[in-house]
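Just below is one structure, and these are the notes that go with it.
All heavy atoms count here, side chains included; hydrogens, waters and symmetry mates do not. Lettering follows sequence order; numbering is per chain, from 1.
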Number of protein chains: 2
Amino acid sequence: MPDLSIDVVAKAAGVHRSTVSRAFSRPEAVKSETREHILRVAEGLGYTMSPLAQALRRKTSTIVPLIVPDITNPFFAELAKTMTQAADERGYQLMLCVTNGDPAKSDGYFTAMQAMYAPFGIVAPSTKVDTEALKRFAFGHKVVVIDRVEGDDSVPTVTVDSRKGIMLALDHLHGLGHTSIGYVSGIAGTHTAQDRMDAYLELTAQSGSTPVVLDSGSDLDAGTRGAEHFLAMDNPPTAIIAANDMVAFAVISALGRSGLRVPEDVSVIGFDGLALGARFNPPLTTVRQPIADMGHIAIELAEKQNVDGSVDHIVLEPELLVRGSTSELRK
Amino acid sequence: MPDLSIDVVAKAAGVHRSTVSRAFSRPEAVKSETREHILRVAEGLGYTMSPLAQALRRKTSTIVPLIVPDITNPFFAELAKTMTQAADERGYQLMLCVTNGDPAKSDGYFTAMQAMYAPFGIVAPSTKVDTEALKRFAFGHKVVVIDRVEGDDSVPTVTVDSRKGIMLALDHLHGLGHTSIGYVSGIAGTHTAQDRMDAYLELTAQSGSTPVVLDSGSDLDAGTRGAEHFLAMDNPPTAIIAANDMVAFAVISALGRSGLRVPEDVSVIGFDGLALGARFNPPLTTVRQPIADMGHIAIELAEKQNVDGSVDHIVLEPELLVRGSTSELRK
DNA sequence: TCGGTTGCTGAGATCGGTTGCAATAACACT
DNA sequence: AGTGTTATTGCAACCGATCTCAGCAACCGA
């Protein structure tokens, strides 16, 4: 394969390199006959432009990093899936970066991406993001965060309304006759996680019941510990809200190992709306986040910021997804 | 941030650009004092080399595509996780490419990666890979496949011993007293999927029982259909082998919805060893694939092929992981 | 017919490195 | 001292595009 560069196409088409360049990158600047001729020749040669060379010269590439703590967590996997697609549709290539919760890695990715002239990046954090730290990196000025951030409006964000989501869960459970409802926090140490918990605390108090936080940890074992706590109680709640689906899975699994059945003995509701939940045993009732929308919106916000400089904060609406892990209270 | 190029470092260090280049890329070619001086100056300026410019000139980059059909499938997610790490350790950056099972997309990724001068790529296919098609792309000569390939030894592969895995599952179930054991195929249309099924058929016949294939589909609903088939049988098997963990989840979920309990009423064993399985209800007994090893080995094979031209076919050993979804047969 | 646009295309510098080759210095040996 | 290495470093072309500037032709109105 004789290396195909812009010059060989130019020669083959009998024009100058710069004309070929324009034919591809700025079509309106070339007489249409010329352009079509060039494109035809290029096509015939099987030529495509080198994204590397373009990026080097233009100082901006089409590769967009998505930084997630753990791709093994289905929430991030679903996010990654929709984002690859959203990116693709707009001509970007998504580069998946997995930090395993290590902020140092995340910094490393930032500088690497900056060196690659990434036009912007998306971060799905596992901790409350420090916008100051973010902005110490030049690249930090061009990221959108999939979480709420505190005190600083200069970073675009996408989130779903945590309070609304918890309210949905609570209302659903109340409707089924449950009045004593426990809560298990979980996994991420994000603002979103905090918000969900706060909403639970506040809304429960408002309805006159006393909140029962079964576990407030933020690691993978929160579900298991929450279940243990539940089992050790004299007067346990009749329903449990899990901060996210993964935790709900763990709770149900741990409960099951101790002989308790869901939803017969306890109702459990999750938060996320993972596709996986539909194949759980029992299928998980949950509050759905519009993950696909989040992905698309994240990219839009990033692009918008890049052109306008505008910084938006989008809050999406969650939605109740009733499946099989909750049922009417029975005495 | 005044653009940091090799020239500003050179000026600051009082040497020529090429010396700076060597100090970084070919340390032994520079007097050690000079090198240390340059490195110190660079460090002080916060300079790092542009991977883009390097790739352009060297005609080889450090970005490695991992092509998977669906990142939402935890098997591929775990693979992606270990591979990002394995890649990282060797100085590559993994670029995740999701095809959604569309071979055309996969072709597109190939040419894109070739344009990016990727040194090689890893493919985890969702269908039997056609090595001929693979090699129509120049890039096809530099890919390692995470599946068996047929009739063509020119492509490095990593797989686990399917027959051994099925044997492990069968032996485990036999040991628990089960003699009538069904099988649900699932999801991927790969050689591996085929091999597992063939092994089941063959080994079952060998042990004198008659195979019961509950579903042989290769889509996400195989588990559900398999369970339906099971429920409709007059004399259903007492245990089920699922071709992979995701299918096992679906089977158990569907069985559960019909009031059947696992493992009390039916034993179910999966194949994959996903971390998720430990948090299923019940925790899933399964045949573990050494996914982490697969990731590392895939990268090693690719590198090896790149230098030697050598093509290896590595077959890894599976391992039985007994958790809670199988139990002694009771009448 | 002539100056002024306007539309296209070519020249050539540039992006940030790499690398073969030449030049110089330093050292060894006869 | 003369000559043949060998170790370092500088020079300049090159990778594959982009983009500013300039040149040229066609077209416009007076």
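A:D293 meets the side chain to side chain contact (heavy atoms under 4.5 Å, CB included) test with A:P290, A:I297, A:L316; sequence neighbours excluded. For A:D102, the salt bridge (Lys or Arg N to Asp or Glu O under 4.0 Å) test picks out no residue, with sequence neighbours left out. For the side chain to side chain contact (heavy atoms under 4.5 Å, CB included) test, residues two or more places apart in sequence or in another chain that qualify with B:T62 are B:Y92, B:Q93. In terms of the salt bridge (Lys or Arg N to Asp or Glu O under 4.0 Å) criterion, B:E89 has no residue partners (sequence neighbours excluded). Under the rule for a side chain to side chain donor-acceptor pair (under 3.5 Å), B:K31 has no partner lying at least two apart in sequence or in another chain. For B:T99, the side chain to side chain contact (heavy atoms under 4.5 Å, CB included) partners at least two apart in sequence or on another chain are B:I67, B:P69, B:K105, B:S106, B:Y109. Not counting sequence neighbours, the partners of B:A53 by the side chain to side chain contact (heavy atoms under 4.5 Å, CB included) test are A:L56, B:S50. By the salt bridge (Lys or Arg N to Asp or Glu O under 4.0 Å) test, B:E78 is found to be paired with no residue, residues two or more places apart in sequence or in another chain being considered.
Contacts between chain B and DNA chain C, taken as any atom within less than 4.0 angstrom of a protein heavy atom, begin and end at C:dG16 to C:dG20.
For residues 35-54 of chain A, there are no salt bridge (Lys or Arg N to Asp or Glu O under 4.0 Å) pairs, not counting sequence neighbours.
Counting only Watson-Crick and G-U wobble pairs whose two key distances fall under 3.5 Å, DNA chain D forms stems of three or more stacked pairs at C:1-30 with D:1-30.
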If the sugar-phosphate is the primed atoms plus P, OP1 and OP2 and the base is the rest, what is the B/S/- string for nucleotides 11-22 of chain D, using protein heavy atoms under 4.0 Å? BBBBBBBBBB--

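B:A29 comes within 4.0 angstrom of a base, heavy atoms only.
A salt bridge links B:E303 to B:R90: at least one charged side-chain nitrogen sits closer than 4.0 Å to a carboxylate oxygen.
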